[in-house]
Amino acid sequence: MNNKNFYITTTLPYVNAEPHIGHALEFVQADVLARYFRKKLGKENVFFNVGTDEHGLKIWRKAKEEGFEINDFVNKYANRFKDFCKLFFVSYDNFYRTSDPKHIESAKEFWRVCSENGDIYKKRYSGKYCVGCERFVTEKELIDGKCPEHGVAPEERNEENYFFRLSNYKEKLLEWLEKNPEVLKPSQKRDELKRIIQEIEDISISRLKENLPWGIEVPNDPEHVFYVWFDALTNYVNAVGFGEDKNKLEKWWPGVQIFGPDNLRFQGVIWQGMLASAGLKHSAKLLEHGMVLGADGRKMSKTLGNVISPFDQEQKFGAEVVRFYLLSGISTFSDSAYKEDDLLNLYNSRLANNFGNLLNRVIHLSNEKEVEINNEGALEENFKYEVDSRVSEIKSLFEDFEIALVSEKIDELANFGNKYITEKEPWKKEVTKDQCTNILNNLSYLLKKVIELYEPIIPESTQKALIALEKRERIILFKKI
RNA sequence: CGCGGGGUAGAGCAGUGGAAGCUCGUUAGGCUCAUAACCUAAAGGUCGUCGGUUCGAGUCCGACCCCCGCAACCA
């Protein structure tokens, strides 16, 4: 990424379950940024990657349990995620699948490069292995002999594994973070990242193929397969030409990575170490979004019965309303409770009453008064200045990835329009046609800006709004719920 | 002393050193072009507690109290 190009990628969800509301948050946040930068830099200068992580023991076992051929199983979920993207207007440029033969080649190439740089070695390892975590766990981590995360007793394993010399990069990563304090957002997480780096140890990056047939074979050692994380993480550069097209890679990498709180160690440390080993630049930006909590402010769980399904929400309110709420009502960088009441309040207040209503007022008045609108020549300087300065403030918030703040400021801009029209009272008989022309053109200009700024957030409605404004057709864009 | 996140108006949240803000709700008024929408005003906050740094702290430091997550469908 540089000033001319913008590359953003989500994490790749693991395909052992249905898409949930957290995936929706991450995908939709990334989508907003991709859409914003497409408008700013041009479509050809933005690359938005999403996809699915399809290897690993959990998936292998789940497929068997459900009586699926492994390929059918992962295809089913990959398609599920594709449908999910379509449903929520996630405009990806690339849907990356780690079962794709191209990925397999690129991941192997990544391994070779790290290996040539002396960062991969083989070591006999014995210990307790948690299938859920897909890693060896230490005695210290266990509670009552069980993995605290998955509640199952780990399996005894004694095997030879390949290790990645992450410890080689400890000092370099600390230095990188020190020199680039702005790389991680939100900044409050910086200390946590630093601590994780300080605790770096070499990591196991392979499994025996006899235990795990569903993985990528290690180059020149077919008895071993990649540990799923090592394979999956490479997608971020593979998607933009690693091991295949140097110019392409040069154009896009380093990129912006968006991920959830449980992923900081992987995106912020392991992956950065891998990049360094492969001689690639560190990520340009790490955006850690928050958790979507249940309506009660607690983490969603089946037992608590507070799980919110993105599909149910879509059925109930429509995709754009859900999108709008995820982006505006849910904090961009911290945990937030998902409450339907808040969703309704925010939708009614900001979209129906403020933006939608203003749009309708202006269109209606321009027809009543027979005044041409959408004419920038009839704009008042002061008004334009006010609107433009708000617009540039909002754009800089976009570029600082502050999506919820962006949404709030757009709302304020629309509200400024409602105040203005109330103050000017263009419906009054005493207002001359010239005055009315000025007032309504000021407002149509403001509305165009609001529409343009809202476009990344609610792409479909803004399209309709623009058409209505241009054709001066009355429209109930957002029906009050 | 396990690790981490958080405590800001009735509710939900924003606010990383310089006049306490947003949405909803409540009360009173205005307007009537508009989706019973819009505008104005008011009420409502010791920014968890105590101490410290500073000309100045919700914002930095220390101690303490309380809530939440680390069990899942894991972002």
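Chain naming here is simple, since letters A, B, ... match the order of the sequence lines and numbering starts at 1 in each.
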Applying side chain to side chain donor-acceptor pair (under 3.5 Å), name anything that partners [X], two or more places apart in sequence or on another chain.
{"X": "A/K82", "answer": "none"}
{"X": "A/K480", "answer": "none"}
{"X": "A/K429", "answer": "none"}
{"X": "A/R97", "answer": "A/E54, A/N75"}

Ignoring backbone atoms, establish whether A/R350 has a side-chain N or O less than 4.0 Å from OP1 or OP2 of B/rC24. no
For B/rC3, what is the paired nucleotide under Watson-Crick or G-U wobble rules, both distances under 3.5 Å? B/rG69
Could you let me know what B/rG45 is paired to, Watson-Crick or G-U wobble, both distances under 3.5 Å, or none if it's on its own? none
Whichever of A/R195 and A/F259 has its nearest RNA chain B nucleotide further upstream toward 5': A/R195
Suppose you measure atom [atom1] in [N] against the same atom in [M]; what distance do you get, rounded to whole Å?
{"N": "B/rG12", "M": "B/rG30", "atom1": "C1'", "result": "29 Å"}
{"N": "B/rG58", "M": "B/rC47", "atom1": "C1'", "result": "5 Å"}
{"N": "B/rU54", "M": "B/rC66", "atom1": "C1'", "result": "29 Å"}
{"N": "B/rA34", "M": "B/rU26", "atom1": "P", "result": "25 Å"}
{"N": "B/rG21", "M": "B/rG62", "atom1": "C1'", "result": "29 Å"}
{"N": "B/rC65", "M": "B/rC1", "atom1": "P", "result": "15 Å"}
{"N": "B/rA37", "M": "B/rC24", "atom1": "P", "result": "11 Å"}
{"N": "B/rU16", "M": "B/rG2", "atom1": "C1'", "result": "28 Å"}

For nucleotides 5-14 of chain B, give me one character per nucleotide, 5' to 3': B if any protein heavy atom sits under 4.0 Å from the base, S if the only such contacts are to the sugar-phosphate, - if neither. S------SSS
What is the per-nucleotide protein-contact pattern of nucleotides 31-39 of chain B, from the 5' end, where B denotes a base atom under 4.0 Å from a protein heavy atom, S denotes such proximity for sugar-phosphate atoms only, and - denotes neither? SSBBB-SSS
Holding to side-chain contact (heavy atoms from CB on, under 4.5 Å), I want the full list of residues that pass it with [X], two or more places apart in sequence or in another chain.
{"X": "A/E393", "value": "A/K409"}
{"X": "A/K189", "value": "A/L184, A/P186, A/E192, A/E288"}
{"X": "A/Y385", "value": "none"}
{"X": "A/E425", "value": "A/W427, A/K428"}

Are the side chain of A/N360 and the backbone of A/I475 linked by a donor-acceptor contact shorter than 3.5 Å? yes
Salt bridge (Lys or Arg N to Asp or Glu O under 4.0 Å) with A/E340: which residues, sequence neighbours excluded? A/K316
A/R390 NZ/CZ over A/F416 ring centroid, <6.0 Å and within 45° of normal: yes
Of all of residues 443-468 of chain A, which get a heavy atom below 4.0 angstrom from RNA chain B, listed by number? none
For atom CZ of A/R190, decide whether the heavy atoms of other residues, nucleotides or ligands shown that lie under 6.0 angstrom number more than 12. yes
Determine the contact category for [X]: base if any of its heavy atoms lies under 4.0 Å from a base atom, sugar-phosphate if only primed atoms, P, OP1 or OP2 are that close, otherwise nothing.
{"X": "A/P13", "value": "sugar-phosphate"}
{"X": "A/H23", "value": "sugar-phosphate"}
{"X": "A/D262", "value": "base"}

If I take atom CD in residue A/E182 and atom P in nucleotide B/rU16, what distance separates them, rounded to the nearest angstrom? 12 Å
